[in-house]
Structures are given as structure tokens and as C-alpha cells.
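To start, the structure itself, in C-alpha cells.
Remember, predicted model here, so these are calculated numbers, not experimental data.
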Amino acid sequence: MPRFALPPVLGFDLFRKADAETLLRLYRELFLRVAASEGELFIFAEGGFRPKVVLDDLEEALRRWPDVAGRPPLFGVPVGIKDVFRTSGYAIRCGSLLPSALFAGDEAPLVTRLREAGAIVMGITATTEFTHAEPAATRNPCNRRHTPGGSSSGSAAGVRAGYFALALGTQTMGSVVRPAAFCGVRGVKPSQGLLPGQGIINFSPSLDQPGFFCATTQDAATTLSLFCDTQARGRKASTLFVVPEGAYMSEVEPGMRRAFDQYCDRLARLPGVRVMSMPVFDDWQGVYTRHQQLAAAELAQMHNAWFADFGPLYRPKTREFIELGQTLGEGVIEAGRASCADLRKKLDDLLAGMKADAFLAPAAPGEAPKGFASTGNPVMNVPWTHAGLPVLCLPMDTVRGGLPLGVQAAGRFGCDAELMALAPLLETAAAPMSSNPLP
């Protein structure tokens with residue numbers, strides 16, 4: 001029997017339209033791809049890839065939905081699940097050395113929702129320790145000498161490597177958008193609260209926001225449609241993007257700034273599109289500090305009992321952040337939550353008052369750093385996470401070594417469908433496809 005030639009990255013239609021025999025063959029080819037690459041990419045968490053469980057779930061899906069015409073929107077689509085979502089049939093460790101029994105419980109409703117839509121759990125993906133700064137072993141498939149970003153390292157890298165077509169992540173600072181940018185895939189961080197957050201081992205309950213990765217914007221829109229109406233809307237006669245100049249944009253490295261400016265120039269040349277630069281964050285350092293302090297204080301609260309019992313098992317960067325959080329009181333948490341609400345209102349009001357469609361900024365200060373001591377700087381993602389706004393990350397260009405650069409667009413709170421509708425326009429301004437890492 002001849003082997004299938006799987007495409008380098010996976011789209012939903014490859015699976016949704018396949019008959020039973022073809023679907024089983026596709027998954028066996030996926031298993032061979034994993035076997036050939038996993039020893040160098042380290043995309044799955046330890047014990048997170050179990051082919052027999054995957055095949056059992058696939059065969060159950062085929063029995064449940066035998067008729068192609070009656071299949072749900074994600075039928076047969078392989079999905080990676082970050083190692084912080086409780087998932088039936090798997091033990092999770094949150095990238096840590098702590099006993100997995102501490103994290104056991106009912107399956108996360110978001111995972112269940114994907115299963116009910118026909119998705120097949122391909123496995124549990126690697127994360128930084130407790131989604132903080134201690135890196136996983138995962139390598140960037142675009143250049144294996146570079147980090148894939150974090151904390152959703154395995155999820156972003158797994159989509160780029162063609163292990164699965166969809167993957168779940170979480171973002172407390174920049175843990176969806178940054179790895180999406182570094183790996184050259186589409187990353188979606190919806191408005192805070194749009195995706196169910198139960199069944200996730202939290203870093204900071206006030207800041208944590210589930211999100212996901214796909215290889216194409218069409219597949220991202222299909223996934224988002226499970227949670228909100230994303231019916232196609234007619235394009236507006238004019239579209240306005242706001243670039244938040246000032247101290248925030250000074251965080252960007254010179255090479256990234258040149259690439260971003262060129263991207264904005266291409267975008268502004270499209271019919272009916274304007275790109276306006278203006279000061280947005282009059283207290284940028286204050287926003288960043290309050291975000292960091294809120295995250296540290298809530299992390300310390302979340303880990304109070306575990307840290308007392310298993311402190312020596314925590315790695316240095318996580319331990320240091322928890323110890324910082326222990327020095328901060330309830331007043332810091334209250335001030336941080338108030339800051340989130342204030343910034344959300346300010347940013348929403350600014351877009352509404354200008355009749356603007358979204359903020360636009362580089363998704364990271366630069367390309368993925370070389371080496372694996374760090375997953376990169378999340379600074380460019382902090383304001384949108386702090387405000388809980390929906391964010392869409394798309395490939396913008398590539399640089400030396402095949403490393404992608406990403407652009408992020410942040411829309412008004414709750415206007416996720418409107419933001420997603422901008423994706424085709426934003427992709428039109430990306431660098432020529434000959435240099436872009438994904439179709």
C-alpha cells in the first residue's frame with residue numbers, strides 16, 4: 001500500500017473530508033512523522049503521546065459519525081493539548097517535577113468542547129514549568145537552534161511541524177501570541193472569558209486566557225466559530241489600524257521595527273486602509289509593573305500549599321517568582337485587577353472614539369532568540385493580555401535562518417468575530433509568499 005505524502009503543515013479539510021480508510025492511513029502517517037522528528041523537536045510532554053489512545057478515539061469518532069454529511073466541524077482534526085488542561089486519558093504535570101496526582105480532575109470543558117466538535121486529541125504538549133519562565137525542551141521547527149517561544153511551546157511548534165492542525169495554549173503574558181510568531185503559525189487569544197477556563201491549572205486566575213494555534217486563518221475562524229458567531233461580514237469601505245507609539249514601541253528591536261514599518265507601509269497602500277501612529281500608553285511602565293505583580297501574587301496564592309510541600313522540586317525561575325509573590329499583599333492583587341479593568345475601558349474607548357478597527361504592533365521584540373535558556377520576551381503582548389482584549393497573531397515576514405516574524409492585531413473586548421474578519425486583509429500585506437513560512 002503506497003504511503004500518503006502529508007503536507008508540511010495540516011489543514012482541517014484534509015481530515016474532515018476523508019473516508020474511514022483514508023483517515024486511518026493519515027493518522028498512521030502522522031505517527032511516522034512524530035517518530036521521525038520527536039527525538040529532535042520534543043513537542044510532547046513526557047508520556048503525552050499515546051498512539052493507541054489516539055486510534056481508539058478516532059475509531060470511536062468514526063462509529064459516532066459514520067456519515068460524512070453529518071460530521072461536526074472539527075471531525076477527525078488532530079489537536080494538541082497544552083500540559084495544563086485536564087484531559088481524560090492523560091496525566092498532566094504542567095511542565096513540572098511535581099506529582100501528577102496533584103493536578104488530576106475532570107476534563108477541562110474546552111477540551112470536551114473540541115471532542116464534541118469531532119476533534120481527536122493527538123497528545124499533551126510541552127509547556128514551560130507552570131507556564132512561567134523555565135523552558136521546556138521543545139525546539140523551533142523553523143530553526144532547531146532557536147526557541148519556539150513559550151509558555152505554549154509544544155502547541156505552537158506542533159502545529160508548525162505538522163503534528164496536528166489545531167492546538168490549545170494559554171496566555172498570562174504572551175504565551176500564545178509570542179510562540180505563534182516565533183513558529184510562524186496563526187495564534188488566537190480571544191477576549192478574556194470567551195473560552196471556558198475551568199479545568200486549567202492556573203498561573204494567575206485574573207490574567208490567564210485560553211487560546212489556540214492553527215496553520216491557516218480559515219481554520220482559526222472555524223475554531224473560533226465554536227464559541228462565537230463568525231459569519232462572514234461585508235468588508236467596510238474603510239479600515240483604520242492604530243500603532244501605539246511611545247515607550248511601548250521602544251521595546252522593539254531595530255530589525256523588527258524596520259520589518260514592521262515595511263509591513264504597515266504595504267498595508268496602508270491597500271484600498272480603503274489607513275494606519276495611524278499615536279501615543280496610547282501614557283503609563284506603560286506602570287501597566288507592565290502592575291501586570292507582573294498581579295501575576296506573581298496570584299501565582300504565590302495558587303501554589304501556597306504545593307510550594308510548602310514540594311518547594312525543592314520547583315525550578316529556580318518559578319521559585320523566584322513565587323517568592324516575589326509571597327512578599328506582595330492583597331492590595332497588589334486588587335490594584336492589579338482594577339488596572340486591568342481601567343486599561344480595557346481606555347483601549348475600547350479609544351478604538352470606538354476613533355472608529356478604528358484594531359491596534360497593530362509587532363508580536364515580539366524580534367525573531368526567536370537563539371538557544372534554549374529563555375523562551376523570549378513577552379513584553380509586546382502584556383498590554384493586550386492585561387486588558388483582556390482579543391488578539392490575532394499572523395506571520396508577517398521571515399528573516400535569516402528561516403525565522404518568522406509575527407504581527408499582532410488587538411480588537412475591542414468581545415469583538416472577536418470582527419477582529420477575525422480582518423485576517424484576510426492583514427495577510428494581504430505579509431511579505432511575498434516565497435519568503436513566508438506558511439501558506
Side-chain angles (χ1 to χ4, degrees), residues 1-37 43 49 51-81 110-123 125 141 155-156 158-168 180 183-188 212-232 394-395 417 420-421 423-424 427 433 436-439:
M1 182 181 296
R3 290 184 58 181
F4 282 4
L6 284 174
V9 293
L10 306 176
F12 290 4
D13 283 347
L14 180 67
F15 301 91
R16 291 189 302 192
K17 298 179 179 180
D19 60 34
E21 180 182 352
T22 301
L23 201 56
L24 289 168
R25 291 176 65 190
L26 284 171
Y27 269 83
R28 290 191 175 97
E29 288 299 319
L30 278 180
F31 296 162
L32 291 173
R33 172 174 285 179
V34 171
S37 301
I43 283 166
F49 177 54
K52 184 180 184 307
V53 174
V54 176
L55 285 178
D56 287 346
D57 288 349
L58 181 60
E59 290 171 355
E60 174 59 30
L62 287 166
R63 285 192 293 270
R64 184 175 178 184
W65 295 292
D67 183 2
V68 173
R71 288 175 175 175
L74 301 188
F75 178 84
V77 172
V79 57
I81 308 295
L110 181 49
V111 177
T112 303
R113 182 85 63 92
L114 295 183
R115 290 190 197 267
E116 290 172 346
I120 306 298
V121 173
M122 186 73 174
T125 63
S155 289
V159 170
R160 183 64 183 89
Y163 279 25
F164 26 78
L166 169 66
L168 292 183
C183 293
V185 299
R186 281 68 178 168
V188 179
F212 57 89
F213 305 87
C214 294
T216 71
T217 53
Q218 181 56 54
D219 290 348
T222 297
T223 305
L224 187 65
S225 71
L226 300 176
F227 306 95
C228 68
D229 176 19
T230 57
Q231 294 300 312
L394 302 168
M420 183 62 72
E427 288 192 317
M433 302 312 294
N436 206 301
L438 285 181

Note: Ala61 and Phe75 closest approach over all heavy atoms is O-CE1, 3.6 Å

* Asked: How about Leu226 and Leu74: do any of their side-chain heavy atoms sit closer than 4.5 Å?
  -> yes

Exercise for review: With the side chain counted from C-beta on, respond yes when Leu168 and Leu114 share a heavy-atom pair under 4.5 Å apart, and no when they do not.
Suggested key: yes

Result for side-chain contact (heavy atoms from CB on, under 4.5 Å) between Ile120 and one of Leu23, Leu58, Leu55 points to Leu58

Rounding to 0.5 Å, atoms CG (Leu26) and CZ (Arg33) come to a distance of 10.5 Å

Exercise for the section: Give the intermediate values and the outcome of side-chain contact (heavy atoms from CB on, under 4.5 Å) for residues Phe212 and Val79. Expected result: CA-CA 10 Å; Phe212 57 89; Val79 57; over 6 Å; no

Quick note, salt bridge (charged side-chain N to carboxylate O under 4.0 Å, His left out) partners involving residues 51-61, not counting sequence neighbours, are Lys52-Asp56, Asp57-Arg115, Glu60-Arg63

For Trp65 and Gly70 the tightest heavy-atom approach is CD1-O, 3.9 Å

Contacts satisfying salt bridge (charged side-chain N to carboxylate O under 4.0 Å, His left out) that involve residues 8-17 (not counting sequence neighbours) are Asp13-Arg16, Asp13-Lys17

When rounded to the nearest 0.5 Å, the distance separating OH of Tyr163 from OG1 of Thr125 is 12.0 Å

Original post:
Is the closest side-chain heavy-atom distance between Phe227 and Leu110 below 4.5 Å?
Top reply: yes

Backbone N/O of Pro51 and side chain of Tyr27: donor-acceptor pair under 3.5 Å: no

With side chains defined as the heavy atoms from C-beta onward, is the minimum distance between Leu10 and Leu30 less than 4.5 Å? yes

Q: With the side chain counted from C-beta on, respond yes when Phe12 and Thr223 share a heavy-atom pair under 4.5 Å apart, and no when they do not.
A: yes

Sequence neighbours excluded, the answer for side chain to side chain contact (heavy atoms under 4.5 Å, CB included) partners of Ala221 is Met420

Of all heavy-atom pairs linking Ile43 and Ala161, the shortest is CD1-CB, 3.8 Å

Tightest non-hydrogen contact, residues Cys183 and Pro141, listed as SG-CD, 4.3 Å

* Asked: Donor-acceptor pair, Arg186 side chain versus Ala220 backbone, under 3.5 Å?
  -> no

Closest non-hydrogen contact found for Gly184 with Pro395 is O-CG, 3.6 Å

Could you go through Leu32 and Leu6, starting from their C-alpha distance and side-chain angles, then the distance that decides it, and tell me whether this counts as side-chain contact (heavy atoms from CB on, under 4.5 Å)?
CA-CA 11 Å; Leu32 291 173; Leu6 284 174; over 6 Å; no

Could you tell me whether the side chain of Phe213 reaches within less than 4.5 Å of the side chain of Leu166, counting heavy atoms only? no

When every non-hydrogen atom of Cys214 is compared with those of Val185, the smallest separation belongs to O-CB, 3.6 Å

